Each structure stands twice: as structure tokens, then as C-alpha cells.
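The shown structure was predicted, so the numbers you read here are calculated from the model rather than taken from an experiment. Positions are given from 1 along the sequence.
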Amino acid sequence: EEGRFLAVGVPTGTQPIQVRAGDFAPWSGRCEVAAGLRVPVRVPLSAGGICAGIVFDPDGAPVAGAAVRFGDPGEFVQVLARSAADGTFTLRGLPIGELELAASDGEKRKAKARITTVAGKPVPCELHLSHGLVLKGIVVDEGGAPMAQSDVQAAAEGAGGRWVAS
């Protein structure tokens, strides 16, 4: 209730601290820990960023149930939302500044968008889902006849994230 915290067993030296709470912007800082002493740390939280947006499918229709997020899985600062029946979503407690949001749905469609948040003021965002580039083909034998039950694998090469599909 008083906002107090106590961390026990912290190693000596300069240590990182991260704090997030509700609709406030995440905070990060450092403190110098000395053996046998309690170190007072004051964490001033400020209003967080807010994004009020909508998720669309490739035809421009709103998408219900899409996952919208800031931050990657496993990161301390990660804000998640699901789009409502009308495609709308709201993310609160975002860091202030330029951010990248990502969205995905159950049909493996994805979208990304860059926004710039301002403390306590909603910023708009539209996320347009797509499958991205799609590779389509047909496997044929020497005579040009289609071959059933073929195994095809594709993998990305060069710059960019790792991608493999079968």
C-alpha cells in the first residue's frame, strides 16, 4: 500500500532496477549496493503511454481476437492486449517515445507498426494483418505431371530473422 519494496540477497556493486506498475510508464535505473547496508531507492513513476488502435485483415475488415503487443516474450517490459469484436484494442502503461507494436492472429497473419507515445495521451494506430510474401508452386515430375505427397521446405537466407517452413 505504501509502495515499499525490499530485495534481499542482492550482490554488491552497481545493480540495475526495473519497475512497472499499472498504467504508469516503465522505469529503469541503477543503485550502488554495499555489503551490510540497506540502500534507499526512490522510484518516481510518471504517466505511461497509451495506444488506442484497430486491427484489420487484408480486405480491410476489423479482426477480433488478434494479439497485440509491445515488447518481446521474456522481456521485463511487455504490454499485451486482444482486439475486441470490432477490432479495437488499447495498450496502457507503455514506455514514452518511439515504439514498435506487433500483432498476430490465429491465421498466422502478422503486422507491425511504429508509434510515438506521449505521457498519458492516447495515440492512434492501425495494424493491417497479412501473410506477407507468399510462395506458391507445384511439384511436377520429368513429364510435367503433378506429384502428390512431395516434401517441400523453404528457409530464409541473408539478412533478417530466421524463417523455415515445410
Exercise for the section: Kindly check if the number of other-residue, nucleotide or ligand heavy atoms within 6.0 Å of CZ (R114) is above 12? Expected result: yes
Exercise for the section: Output every pair passing ring-ring contact (aromatic ring centres under 6.0 Å, His included) with a member in residues 8-47, not counting sequence neighbours, ordered by first then second residue. Expected result: none
Fill in the blank from the handout: So CG of D23 and CZ of R92: to nearest 0.5 Å the spacing works out to 5.5 Å
Handout entry: Verify same cluster id: V55, L99 (apolar side-chain graph, 4.5 Å)
Key = yes
Completion exercise
Closest heavy-atom pair, A85 versus A64, reported as atoms and distance to 0.1 Å, is CA-CB, 3.7 Å
Problem - Joint hydrophobic cluster, F76 plus V79, side-chain heavy atoms closer than 4.5 Å - result: yes
Handout entry: Geometric cation-pi criterion R82 and F89, 6.0 Å radius, 45° cone
Key = no
Problem - Step-by-step side-chain contact (heavy atoms from CB on, under 4.5 Å) determination, F5 to V19 - result: CA-CA 11 Å; F5 65 93; V19 177; 5.6 Å; no
Exercise for the section: Would you check if R20 and L45 make a side-chain contact, meaning some heavy-atom pair closer than 4.5 Å? Expected result: no
Exercise for the section: Mark yes when over 12 heavy atoms from residues, nucleotides or ligands other than L135 sit less than 6.0 Å from its CG; otherwise mark no. Expected result: no
Practice task
Look up atom OG1 in T12 and atom CD in Q15, then write down how far apart they are to the nearest 0.5 Å.
Solution key: 7.5 Å
Problem - Check: S83 side chain, A66 main-chain N or O, donor-acceptor pair, under 3.5 Å - result: yes
Completion exercise
Smallest heavy-atom separation, A119 atom then A47 atom, equals CB-O, 3.5 Å
Completion exercise
For residues 4-13, the salt bridge (Lys or Arg N to Asp or Glu O under 4.0 Å) pairs (sequence neighbours left out) are E2-R4
Handout entry: Heavy-atom side-chain contact between T116 and V123 under 4.5 Å
Key = no
Exercise for the section: Given side-chain contact (heavy atoms from CB on, under 4.5 Å), test D57 with L129 step by step and report yes or no. Expected result: CA-CA 5 Å; D57 71 10; L129 298 173; 5.5 Å; no
Exercise for the section: Keeping to residues at least two apart or across chains, list the salt bridge (Lys or Arg N to Asp or Glu O under 4.0 Å) pairs with something in residues 59-80. Expected result: R69-D72
Exercise for the section: Please report the shortest heavy-atom distance between C125 and A113, naming the atom on each side. Expected result: SG-CB, 3.8 Å
Handout entry: Note, R109 side chain near S130 side chain (heavy atom, < 4.5 Å)
Key = no
Practice task
Check whether any side-chain heavy atom of L94 lies under 4.5 Å from a side-chain heavy atom of C51, and answer yes or no.
Solution key: yes
Completion exercise
What one should report as the nearest heavy-atom pair of G49 and I96 is N-CD1, 3.4 Å
Completion exercise
To the nearest 0.5 Å, atom CD1 of I138 lies from atom OG of S150 at 9.5 Å
Exercise for the section: Determine whether I17 and S28 make a side-chain contact, defined as any pair of heavy atoms from C-beta on separated by less than 4.5 Å. Expected result: no
Exercise for the section: Check whether L91 and F56 end up in the same hydrophobic cluster, where Ile, Leu, Val, Met, Phe, Trp and Tyr are linked by side-chain heavy atoms less than 4.5 Å apart. Expected result: no
Practice task
Report yes if the side chains of F70 and V77 come closer than 4.5 Å at any heavy-atom pair, otherwise no.
Solution key: yes
Handout entry: E32 side chain to T14 side chain, donor-acceptor N/O pair below 3.5 angstrom
Key = yes
Problem - Student check: side-chain heavy atoms of L127 and V68 closer than 4.5 Å - result: yes
Completion exercise
Nearest heavy-atom contact between P124 and I115 is O-CG2, 4.2 Å
Problem - Single-linkage hydrophobic cluster, 4.5 Å side-chain cutoff, V63 and L101 together - result: yes
